[in-house]
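What follows is a set of notes on a single structure, which appears directly below.
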Amino acid sequence: MSTDISYIELAAKLHRTWIDALIHSCCNDYAAIIVDAELSFDFEWDLSENEEYILSILVTLPFSHYSTIINDEPMQQILKEHFLAVATGYIPGWESVERFRNYFPINYRVKLLDIEEHWQKTIKFLITKSKDLNQGVVSEKVFAREGKEMLNYNEMKFASQSEIRIAQELERRGVLFFPLPLAVRNETGQCYKDHREVDFLICIDGTFGILEVSRHQGRYEMDKEKDAWFKKSGILCIEHYPSEKCYQQPSFVVNEFLSILSKHKR
């Protein structure tokens, strides 16, 4: 691996320009991922020419971002196209633009965490604490009756991978959200009537909205009654999205929801 300062500077400039290109193409979600990355070159010696050449670009990311990119081939393709748009002509040893575009690899890897003092004790505490989260109370009871366990992600409980994808998308955008919060309005004294749980309570500039991940067919009447319960207290933005769409297109779902929620700002 070369430590030549010119390569370090080139990687930094390509990183910055790559992000700018994504923003100009309205790929802000992808730019938000790449801005947290570290960009570097991977080298190998060409013994016949007695010189080193670049094998690939290494993009080092936090695990949450890595897992998103590595499982999303269309995202990888968009990121690569924008990188090549700004990098062509700057990578030493790649004279052929066509070869560069067709074969030059971009490899992603997980950014390793620093080791803090007594880190094992800290992790054990977080694991133990995560089992007693005051969140997802209603869903957890339903799962228990069915002999199932809820999913844990980043110290939060979720009922499906689709919900996790939405949570990851909201995290990347820095949006304030409450996953599976328990809402209480003591009107009847009966928990099943006075308690409601939604998939996501989301806040933008002081305005709250509810995003529901719909997993069950034929629940129109129940969903309408639940929506009306929240609208009675002034939460008017309540949108339902199919679970499949939330899993496959979380960026689209969040974009649309935030656009609708912005129209409800007071």
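Quick note: numbers below take in every heavy atom, side chains included, and nothing from hydrogens, waters or symmetry partners. Keep in mind that what you see is a predicted model, and the values were worked out from it rather than measured.
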Exceeds 12 heavy-atom contacts within 6.0 angstrom, atom NZ of K226: yes

Just checking, is any N or O donor in the side chain of E169 or N255 under 3.5 Å from an acceptor N or O on the other one? no

So how far is it from I260 CD1 to E239 CD, rounded to the nearest 0.5 Å? 4.0 Å

In terms of side-chain geometry, is the basic nitrogen of K193 or E187 positioned less than 4.0 Å from the acidic oxygen of its partner? no

Would you call D29 and R172 a salt bridge, taking side-chain N to carboxylate O under 4.0 Å as the test? no

Would the number of heavy atoms belonging to other residues, nucleotides or ligands and lying under 6.0 Å from NZ of K231 be above 12? yes

Out of curiosity, I210 CD1 to F257 CZ, how far, rounded to the nearest 0.5 Å? 8.0 Å

Validation row: V35, Y30 side chains within 4.5 angstrom (heavy atoms): no

Side chain to side chain contact (heavy atoms under 4.5 Å, CB included) partners for S259, two or more places apart: K263

Lys/Arg N to Asp/Glu carboxylate O, K157 vs E163, below 4.0 Å: no

Using only heavy-atom distances, determine whether the side chains of Q77 and E81 contain a donor-acceptor pair under 3.5 Å. yes

Answer whether the closest heavy-atom distance between the side chains of P179 and F158 falls below 4.5 Å. yes

Is the shortest side-chain N to carboxylate O distance from R196 to E225 below 4.0 Å? yes

Going by side chain to side chain contact (heavy atoms under 4.5 Å, CB included), name the residues that satisfy it together with E244, two or more places apart in sequence or in a different chain. P242

Any non-hydrogen side-chain atom of T207 less than 4.5 Å from a side-chain atom of H264? yes

